[in-house]
Amino acid sequence: QVQLVESGGGLVQAGGSLTLSCAASGFTFSNYPVGWLRQTPGKEREFVARISESGRRTYYADSVKGRFTISRDNAKNVVSLQMNSLKPDDTAVYYCAARFEDRSRPDFDYWGQGTQVTVSS
């Protein structure tokens, strides 16, 4: 079955860096766009970043543009999120996500269990 398993979350000081990874299985990874969402208590899940099937096109939320970098390794079925210059507002549960149906849609229709990222001030 489809699995997206996140790792790499943790506690970091403001201004620091963290790299999240997501191991995908159960589907042909290179055929689908993937990315990251995040959610804080009481708020809706929000878009963070997305990468195309080939990895040539990337998209970011304005709030993370210039600080976060998404990448993928189709040979290893892994998508990563390099997060630099972290701010307390980046504190959230981060979800690895994929778009399976109608791949042209900008949102995601499947996501993993999430990993907590906490940025202290």
Side-chain angles (χ1 to χ4, degrees):
Q1 72 278 23
V2 172
Q3 281 196 310
L4 298 172
V5 180
E6 303 93 340
S7 62
L11 174 64
V12 63
Q13 286 190 331
S17 299
L18 211 57
T19 300
L20 304 183
S21 293
C22 171
S25 61
F27 63 102
T28 305
F29 182 71
S30 59
N31 284 358
Y32 299 95
V34 290
W36 295 88
L37 304 167
R38 68 186 182 186
Q39 187 172 25
T40 54
K43 292 188 177 181
E44 289 191 0
R45 203 163 290 170
E46 65 173 2
F47 169 79
V48 176
R50 173 184 170 114
I51 188 166
S52 65
E53 295 89 320
S54 66
R56 284 194 290 266
R57 294 188 303 276
T58 57
Y59 309 88
Y60 298 94
D62 288 342
S63 58
V64 307
K65 205 170 291 183
R67 300 187 298 120
F68 290 12
T69 302
I70 188 171
S71 61
R72 68 188 294 165
D73 185 336
N74 285 344
K76 296 181 179 180
N77 291 0
V78 171
V79 56
S80 300
L81 186 68
Q82 173 68 42
M83 305 185 294
N84 298 326
S85 302
L86 283 161
K87 306 173 182 179
D89 283 350
D90 294 317
T91 295
V93 176
Y94 283 71
Y95 298 89
C96 178
R99 164 51 70 173
F100 291 116
E101 300 294 330
D102 189 2
R103 284 171 280 174
S104 64
R105 287 186 55 165
D107 56 349
F108 299 106
D109 56 3
Y110 190 91
W111 43 85
Q113 293 299 306
T115 186
Q116 175 71 46
V117 171
T118 302
V119 184
S120 63
S121 56

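- Here Phe47 sits in one hydrophobic cluster together with Leu37, Tyr59, Val93, Tyr95, Phe108, Trp111; the rule is ILVMFWY side chains under 4.5 Å apart, joined directly or through other members.
- Across every non-hydrogen atom of Arg105 and Arg50, the tightest pair is O-NH1, 2.9 Å.
- When side chains are defined from C-beta on, Val64 counts as touching Arg38, because their heavy atoms get closer than 4.5 Å.
- Judged by distance alone, the side chain of Thr40 and the main-chain N or O of Ala92 form no donor-acceptor pair under 3.5 Å.
- Looking at every heavy atom in both residues, Leu4 comes nearest to Ala98 through CD1-N, 4.1 Å.
- Legend: disulfide bond (SG atoms under 2.5 Å apart) pairs involving residues 38-81, not counting sequence neighbours: none detected.
- Hydrophobic clustering, with ILVMFWY side chains joined whenever heavy atoms are under 4.5 angstrom apart, groups Tyr32 together with Trp36.
- A donor-acceptor contact shorter than 3.5 Å is absent between the side chain of Asp90 and the backbone of Ser63.
- Taking every heavy atom of both residues into account, Val34 and Ile70 meet most closely at O-CD1, 4.1 Å.
- Here the closest heavy-atom approach between residue Tyr110 and residue Val2 is recorded as OH-O, 3.0 Å.
- In terms of modelled atom types and a separation under 3.5 Å, the side chain of Arg99 and the main chain of Asp107 share a donor-acceptor contact.
- In the displayed structure, Gln113 atom CD is contacted under 6.0 Å by at most 12 heavy atoms of other residues, nucleotides or ligands.
- For residues 112-121, there are no salt bridge (Lys or Arg N to Asp or Glu O under 4.0 Å) pairs, not counting sequence neighbours.
- Remark: Arg57 pairs with no residue by the salt bridge (Lys or Arg N to Asp or Glu O under 4.0 Å) rule, at least two apart or across chains.
- The side chain to side chain donor-acceptor pair (under 3.5 Å) test applied to Lys65 returns Asp62, not counting sequence neighbours.
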Using residues 10-30 as the side-chain source, report each donor-acceptor pair under 3.5 Å to any protein atom, sequence neighbours left out, with the distance given to one decimal.
residue, atom, partner, partner atom, Å
Ser17, OG, Asn84, OD1, 2.9
Thr19, OG1, Gln82, OE1, 2.4

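- Heavy-atom minimum distance, Gln116 versus Thr118: NE2-OG1, 3.3 Å.
- Pro33 approaches Arg103 most closely through the heavy-atom pair CD-CG, 3.7 Å.
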